[in-house]
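Owing to the predicted nature of the structure, the values given are computational and were not obtained by experimental measurement. Both ligands and their constituent atoms are indexed starting at 1 by order of listing.
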Amino acid sequence: MGYSVTEKIINQHIVEGRPEKGKEVGIRIDQTLTQDATGTMSSLQFEAMGVSQVKTELSVSYVDHNTIQIGFENADDHKYLQSVAAKYGIVYSRAGNGICHQVHLERFGKPGKTLLGSDSHTPTGGGLSMLAIGAGGLDVAIAMAGGSFYLTYPKVIRIILTGELKPWVSAKDVILKVLEIFDTKGNVGCVFEYAGPGIETLSVPERATITNMGAECGVTTSVFPSDNQTKLFLESQKRGDDWVPLVADKDAKYDNEVEIDMSKLEPLAATPHSPGNIKKVAEISGLKVDQVCLGSCTNSSYKDMMVVANILEGKIAHPSVSFVVAPGSKQVLENILKDGGLSKLLSAGARIAETACGFCIGNSQSPKSGAVSLRTSNRNFLGRSGTKDANVYLVSPETAAAAVITGEITDPSTLESMGIKYPKVSMPKEMLIDDEMFIFPDKISAKKEVVYRGPNIVELPVSKELPDVINGVVTIKVGDKITTDHIIPAGARMKYRSNVPKYAEFLFEVVDPDFYKRAKEIQESRKYNIIVAGLSYGQGSSREHAALCPMYMGVKVVISKSIERIHQDNLINFGILPLYFINEEDYTGLNSGDILEISNIYPSLESGKNIVVKNLTSGKEFETEYKLSDRQKKILLAGGALAYMGKKV
Ligand code: MIC
Ligand code: SF4
């Protein structure tokens, strides 16, 4: 029997379990990446494991999220991360070097390897034929310490790309089409594997745009084969030796197949407030635009920047548009500088931002009240831009450029009627490369390195053992598609990532600003807090603070209709029991403020029986189910992953 690319990589890395779909397997992780917003917590957890050096082939610590430094907190975190990297054998990528996913693709990614990253867009590496998976910081810390990463052996969905993209249509429109087909929910436990004659026409950065935003569908990862395009990309990075061919066997079996004829695609947009709300740009054209942002780990490559620069050559941004450009990496910036793109962008009125996450995570360039903002990034959740009543549309670089010129949403193909030709930009055969912003670890000085801890680094909160009976109160009841941005905001609040007691004050800020006060009162009354949610709870980021901060506030159970993969793993890692409604009416029957009793938890988990929830307020009771491997049950019973590891040792 033949294998898909996904299966080939997983099977070569299995260290525990058998390759059976739907069953849990443990895999060996070759490379890890962390970024500063998740990395401080991940590093604190790694330090707590008492390992002297990382055990992976390569671990890189990037500073790209919290680079805006108002107050000392971010700068202190950077220094902490730099000292941890030097002490434990981690490559440190300094602020200014670029966004982790773009830089990792350029300098470190290798076909056929596994990459675990404490960021949900780690699957960007799938564009380079890696099995690249996003996870919570604790899981990444475990991988750095040489532990396995556990995942459900996935279903593989083959997405066959045929035809060639028309001018004015690009890779972003391909992934927006995929989002239209698959939506942002219902894809847990699947991998998207791209195939078909169309893929030969896509360069690695274009493929990476597509795999990056697979994260929005909630799949475990997305992957392209390793072919001549992969080789050309690695050669352009002077890393031709890292290339290995990797294609699916002809008789590989897939769980589902979808075909997309790229020649039929039109410019698309994800409309507010979900990446799954897809419309044709032509259908929404004419809407006045206040801001256009080009960049983020989805669309900040050399090609993205140069296409926009050439479209805008000789033009100036429409007076009503604030035009922001954040190149994905120092390498991209230096190359567009060399090839004349940067001056074209500047002449067109671009506000050049740091090569970092910036606007994408809402820690800068928040648009004006009620603004329409067109962004080439990957998420448009309510409030993520930093302006709660802004309407964010996710579009391709071409559609973004068209709006810069016209000041309204415009199908970019209509620019032809203004005499603007579609600029053909190919990736350079050789990029200008400069690795000076990496600090490579040195084993000799590592021993002497003292870890720096500023006042923003507070002690790691620890979770307690799971009790057999949980007496608690429904502190909040939320609907479907609640993202981690709803649970715990990023943006300006992100500087408290290493200070959990402070950060927890902002839990559910966009949805229910009184949550923290209520949760604190319930905690002080010696009852547990309980979260009730609809479908696809915890969509979006890998942010473990969306579990860690609730844990700190005494949340012990989340009862939902479904939970996304990374978030469920994070809940378990922090000792929070994830339960699932069996009947819709049980969700309807619960209200915020209801007092619940959940008993016999230990015997139920041991025997595999459903867990009964008694609603002491309404007098009703109902059964819930759970989706836990034996390993996960043990982690929960121990009170979380760190406690479990301690017990195992
Ligand atoms: C995001 O895009 O939401 C983030 C910020 O990169 C997160 C990580 C974080 O919250 O630090 C992610 O995607 O995992
Ligand atoms: Fe950074 Fe945005 Fe990418 Fe997250 S999605 S890694 S915030 S650029």
Side-chain angles (χ1 to χ4, degrees), residues 33-42 61-68 74 77 81 93 95 98-105 116-125 132-137 139-140 175 208-209 211-216 218 221 270 275 293-301 304 324 326-329 332 353-365 375-381 383-386 392 394 483-498 503 506 538-549 564-567 569-570:
L33 71 79
T34 49
Q35 42 89 338
D36 52 309
T38 53
T40 46
M41 203 40 71
S42 184
S61 168
Y62 291 93
V63 175
D64 56 356
H65 277 65
N66 276 323
T67 54
I68 307 288
N74 293 341
D77 284 358
L81 290 171
S93 173
I99 306 173
C100 54
H101 309 302
Q102 174 68 25
V103 180
H104 206 85
L105 199 69
L116 193 72
S118 61
D119 192 281
S120 63
H121 290 105
T122 304
T124 312
I133 303 180
D139 282 332
V140 179
I175 186 61
T209 294
T211 57
N212 170 285
M213 261 186 102
E216 275 43 78
T221 190
C293 300
L294 172 68
S296 94
C297 57
T298 320
N299 278 120
S300 59
S301 68
D304 294 327
V324 180
S329 66
V332 169
E354 208 176 343
T355 54
C357 299
F359 72 81
C360 175
I361 195 51
N363 65 9
S364 56
Q365 300 290 355
R375 297 174 165 220
T376 61
S377 45
N378 45 38
R379 288 181 176 152
N380 57 349
F381 304 140
R384 179 175 163 104
S385 66
V392 176
L394 307 174
T483 70
T484 53
D485 278 283
H486 294 109
I487 303 172
I488 189 90
R493 309 296 190 203
M494 234 179 1
K495 66 178 183 179
Y496 300 119
R497 282 289 175 91
S498 19
Y503 197 31
F506 306 108
Q539 278 193 1
S541 83
S542 67
R543 192 171 307 167
E544 65 188 354
H545 294 78
L548 180 52
C549 293
E564 291 298 311
R565 171 188 65 90
I566 308 181
H567 190 58
D569 287 351
N570 285 337

Given that the side chain starts at C-beta and the backbone is N, CA, C, O, which of these parts of Met494 lies under 4.0 Å from ligand 2, counting heavy atoms, or is it both or neither?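 Near ligand 2, Met494 shows nothing, with every heavy atom at 4.0 Å or more.
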
Using a heavy-atom cut-off of under 4.0 Å, does the side chain or the backbone of Asn378 touch ligand 2, or both, or neither?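 Only the side chain of Asn378 comes within reach of ligand 2.
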
Report yes or no: does [X] contribute a side-chain atom to a donor-acceptor pair with the main-chain N or O of [Y] at less than 3.5 Å?
X	Y	value
Ser118	Val140	no
Asn363	Met494	no
Asp64	Cys100	yes
Arg375	Cys293	no
Asn74	Ile68	yes
Ser42	Thr38	no

Can you list everything that forms a side chain to side chain contact (heavy atoms under 4.5 Å, CB included) with Thr483? Sequence neighbours excluded, please.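 Once residues adjacent in sequence are excluded, the partners of Thr483 under the side chain to side chain contact (heavy atoms under 4.5 Å, CB included) criterion are Phe381, Asp485, His486, Gln539.
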
Run the side chain to side chain contact (heavy atoms under 4.5 Å, CB included) test against Thr484 and tell me which residues pass, sequence neighbours left out.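 Ser541, Arg543, Ala546, His567.
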
Would you check if [X] and [Y] make a side-chain contact, meaning some heavy-atom pair closer than 4.5 Å?
X	Y	answer
Asn212	Pro123	no
Met41	His545	yes
Ile99	Ser329	no

If we only consider heavy atoms of Arg384, is any one of them less than 4.0 Å away from an atom in ligand 2?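 A heavy atom of Arg384 does come that close to ligand 2.
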
Neighbouring protein N, O or S atoms of atom 1 (Fe) of ligand 2, below 2.8 Å: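 My tally for this metal is 1.
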
For ligand 1, what N or O to protein N or O distances fall under 3.5 Å?
from: ligand 1; atom 1: 2 (O); to: Arg379; atom 2: NH1; distance (Å): 3.3
from: ligand 1; atom 1: 2 (O); to: Arg384; atom 2: NH2; distance (Å): 2.9
from: ligand 1; atom 1: 3 (O); to: Arg379; atom 2: NH1; distance (Å): 3.0
from: ligand 1; atom 1: 3 (O); to: Arg384; atom 2: NH1; distance (Å): 2.8
from: ligand 1; atom 1: 3 (O); to: Arg543; atom 2: NH2; distance (Å): 3.1
from: ligand 1; atom 1: 6 (O); to: His65; atom 2: NE2; distance (Å): 2.8
from: ligand 1; atom 1: 6 (O); to: Asp119; atom 2: OD2; distance (Å): 2.7
from: ligand 1; atom 1: 10 (O); to: Arg497; atom 2: NH1; distance (Å): 3.4
from: ligand 1; atom 1: 10 (O); to: Arg497; atom 2: NH2; distance (Å): 2.9
from: ligand 1; atom 1: 10 (O); to: Arg543; atom 2: NE; distance (Å): 2.6
from: ligand 1; atom 1: 10 (O); to: Arg543; atom 2: NH2; distance (Å): 3.3
from: ligand 1; atom 1: 11 (O); to: Gln35; atom 2: NE2; distance (Å): 3.0
from: ligand 1; atom 1: 11 (O); to: Arg497; atom 2: NH1; distance (Å): 2.8
from: ligand 1; atom 1: 13 (O); to: Asp119; atom 2: OD1; distance (Å): 3.4
from: ligand 1; atom 1: 13 (O); to: Ser120; atom 2: N; distance (Å): 3.4
from: ligand 1; atom 1: 13 (O); to: Ser120; atom 2: OG; distance (Å): 2.6
from: ligand 1; atom 1: 13 (O); to: Arg379; atom 2: NH1; distance (Å): 3.1
from: ligand 1; atom 1: 14 (O); to: Ser120; atom 2: N; distance (Å): 2.8
from: ligand 1; atom 1: 14 (O); to: Ser120; atom 2: OG; distance (Å): 3.3
from: ligand 1; atom 1: 14 (O); to: Ser542; atom 2: N; distance (Å): 2.7
from: ligand 1; atom 1: 14 (O); to: Ser542; atom 2: OG; distance (Å): 2.9

